[in-house]
There are 2 protein chains.
Amino acid sequence: MGKVFGRVSDGVFRQEVPVELRQLRYFVAVAEERSVTRAAARLHITQPPLSAQLARLEHEVGVPLLGRHNRGVELTEAGEELLVHARRLLAGVDAATDAVRRVGQGRTGRLGLAFVAASAWSVLPPLLAQLRADLPDVTVDLVQAGPDEVVEHVRAGRCDLGLVHLLPQPPVDRDLDVAVVDREPLVAVLPRAHPMASGERADLASLAAETFLAPTRTPRGALHPHLVAACRLAGFEPDVREVGLAQTVVAFVGAGLGVSVLPASAGSVCGEGAVAVPLRLNAPVVETALVRRRGSAPSPVTRRFLRLAMSTPEPDVLGPALARRPRS
Amino acid sequence: MGKVFGRVSDGVFRQEVPVELRQLRYFVAVAEERSVTRAAARLHITQPPLSAQLARLEHEVGVPLLGRHNRGVELTEAGEELLVHARRLLAGVDAATDAVRRVGQGRTGRLGLAFVAASAWSVLPPLLAQLRADLPDVTVDLVQAGPDEVVEHVRAGRCDLGLVHLLPQPPVDRDLDVAVVDREPLVAVLPRAHPMASGERADLASLAAETFLAPTRTPRGALHPHLVAACRLAGFEPDVREVGLAQTVVAFVGAGLGVSVLPASAGSVCGEGAVAVPLRLNAPVVETALVRRRGSAPSPVTRRFLRLAMSTPEPDVLGPALARRPRS
DNA sequence: CCTTGCCCATATGTCCGACGTATGGCCAGC
DNA sequence: GCTGGCCATACGTCGGACATATGGGCAAGG
């Protein structure tokens, strides 16, 4: 063991042979078995290489760790000290790999999610509930914003995902990935006192003379174009008045200021004064989608969340949603 | 690298390839350099094996840790997580080896030390002071006891070391190691009013008629036999009265109950009524020694303390003490 | 006292894996 | 389109980790 050259005094000839985890694992086994032979059996190796690793470890640390007898080995004080540290370190390695694995699998982490207000009526709550149930260690940073701001947040990387309604003819965004997570038919939103409010189905064409209330028109705002498109499909050009958010539209309809055409989920917030009535035929569909910046790879949490959103059967008025694009 | 059989999907074929510290060290270097090539240079290896180790680590953890570009690499979220853990673990390994080394070198630990009361006047205080100065992280468990109990504590392994006076003709203890740490001449202890108390030197023979006070006689008690031996050397058999500990002897002498012969250090506790006077000639010497059980190897702290005690020039009335038995 | 048994250390051969050299592919910048 | 930088792959080499075989030392038992 002792080299012919070099003093035995500690520190000399410590030629940078770092400690390895294998040695710590072996040492713990030997310490627990109080025997090299039994430890070797437990480690599924033979005794000589285990002895060699122990000698190596002792050389690296620079102090004897084991007292050898003919009945086995005993720990020196330094060995007892090392045993405590080694157990802690090995447990730390396991915990670390677990933590890293969890992050890598998206089971731990943060998700920045921008969404338009209207989605809080429909897809967002069940999505978040599912997320909390499946991935309790994922923190969601929610940002409510208008449609344009949502897309801008995603483009700028400030949010991982955005939740918006798609336009009737969605533009091709080269830099965005789009995944539809919900489809809703449009419905007529009428004052409770309206003659058509009590009917099973509403005939859009017969509303042609009414004042139509719509959310504010913006480049990415989809509800306004959907309203206009629905009216045109029914054969007339609506008299549109912009009043802000969809929820404001519903409130104004309730106040008798006009009628509107909105996604079906708007019916859940109609309150006292307004009612939602399905359209008689050819009800256009509004798609709600998650958008993601395409440039960089999605974070593990993002991937996981997307998988969740695509695999979850959404409450879909039309029927089972088509899960698009299982993986890129 | 990939075997012909087995899917590439993660998790399959995780055939128990544990993470090694080398990989963590490499990974930290790469993470810090944000470049495999630069990290390889820093690690004094070439780039390909470093890439291989990284791939191996990623395979073992099961999730990608690095995003590769043509300008270098970037950490994934899992990589960032691992970086934190890896730094902590590597620092933990260094701290652990340091701690173990300290224990192994006796720079940290506990020392059980039994001692006789009289040694607290002479060798013990400077020894403890030296210990606190040189090895501040060593805790000393002090046990004061009679000579027999001290030896018994050491024999039973309850104390690492014992500090006792040696008998005039010390018995050969097969199972004990003895290291003399101090030599003191015997002195006469006289009442201040005693005719001989004012002299430079005391003539023991002329005290032959006095009552001699001595510590209680026990098998290992050395002071009583030393007193008797000194008197016999002076040519008379003393009239001895046992009164307990050496400090009691001094107090009784001060009270005028008799005279005594004790190690020179007794003079430092004589107080008002008693004085210590060197003997005229042939003053016998009392040796104070550390005793240790021979059976088992001494603990690192014990070794270190013994080295300290042997190397320290003790305040020796005779002159430089002979350091006996540097190592067994 | 000698034998037996157990356990750890040493010697030696084999093989995997860590490393080095050479090379290819990919992407940015000129 | 060419160049340069960077990472991955291919392949040969060598050290080290492991297995087999053997030696030595101590305790228990004859």
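Order of the sequence lines sets the chain letters (A, B, ...), proteins ahead of strands, with each chain counted from 1. Only a predicted model underlies this, so the values are computations on that prediction, with no experimental measurement involved.
- The distance between atom NE2 of B:His69 and atom C1' of D:dA8, rounded to the nearest whole Å, is 15 Å.
- When every heavy atom of A:Cys159 is checked against every heavy atom of A:Val143, the shortest pair comes out as SG-CG2, 4.1 Å.
- Judged by distance alone, with hydrogens and angles left aside, the side-chain atoms of A:Arg34 form a donor-acceptor pair with the main-chain N or O of A:Ala31 at under 3.5 Å.
- With hydrogens and angles ignored, the 3.5 Å screen pairs no side-chain donor or acceptor of B:Arg304 with any backbone N or O of B:Arg107.
- Counting only heavy atoms from C-beta on, A:Ser51 has its side chain closest to C:dA9 among C:dC19, C:dA9, D:dA17.
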With 3.5 Å as the limit, what N/O pairs link the protein to nucleotides 23-25 of chain D?
none

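- Residue A:Gln53 has no polar side-chain atom (N or O) positioned under 4.0 Å from OP1 or OP2 of D:dG16.
- Remark: of the listed residues A:Val19, A:Val61, A:Leu82, A:Leu82 is the sole one forming a side chain to side chain contact (heavy atoms under 4.5 Å, CB included) with A:Phe27.
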Expected rows: protein N/O vs nucleotides 19-21 of chain D N/O, under 3.5 Å:
unit_1: D:dA19; atom_1: OP2; unit_2: A:Thr46; atom_2: N; d: 2.6
unit_1: D:dA19; atom_1: OP2; unit_2: A:Thr46; atom_2: OG1; d: 2.8

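- The distance between atom CG of B:Leu54 and atom P of C:dC19, rounded to the nearest whole Å, is 11 Å.
- A salt bridge links B:Glu58 and B:Arg68; the closest N-O separation between the charged side-chain nitrogens and carboxylate oxygens is under 4.0 Å.
- Following rounding to the nearest Å, A:Glu60 (CD) and D:dG16 (P) show an atom-to-atom distance of 11 Å.
- We find that CD of B:Glu74 is positioned 14 Å from C1' of D:dC7, with the value rounded to whole Å.
- Using a 4.0 Å cut-off between a side-chain N of Lys or Arg and a carboxylate O of Asp or Glu, A:Glu32 and A:Arg38 do not qualify as a salt bridge.
- In this structure, B:Leu57 atom CG and C:dG17 atom C1' are separated by 16 Å, rounded to whole Å.
- With rounding to whole Å, A:Leu50 atom CG is found 11 Å from C:dC8 atom C1'.
- Sequence order on DNA chain D of the closest nucleotides to A:Arg22 and B:Ser35 puts B:Ser35 first from the 5' end.
- With C:dC19, D:dC7, C:dC6 as the candidates, the nucleotide lying closest to the side chain of A:Arg71 is C:dC6.
- Where A:Tyr26 and B:Val36 each meet DNA chain D at their nearest nucleotide, the meeting point lying more 5' is that of B:Val36.
- Between D:dA8 and B:Arg68, a contact under 4.0 Å exists linking OP1 or OP2 to a side-chain N or O.
- The nearest whole Å value for the distance from the CD atom in B:Glu20 to the P atom in C:dC19 is 12 Å.
- Between the OG1 atom of A:Thr302 and the CG atom of A:Leu111 there is a distance of 5.0 Å, given to the nearest 0.5 Å.
- Using a 4.5 Å heavy-atom cutoff, the side chains of A:Asp177 and A:Val291 are not in contact.
- The side chain of B:Thr37 contributes an N or O atom lying less than 4.0 Å from OP1 or OP2 of D:dC7.
- The side chain of B:Val73 approaches D:dC7 more closely than any other nucleotide in the set C:dC8, D:dC18, D:dC7.
- Atom CD of A:Gln23 and atom P of D:dG16 are 12 Å apart (whole Å).
- The backbone N or O of B:Arg22 sits less than 3.5 Å from a side-chain atom of A:Glu20, completing a donor-acceptor pair.
- Judged by distance alone, the side chain of B:His153 and the main-chain N or O of B:Glu149 form a donor-acceptor pair under 3.5 Å.
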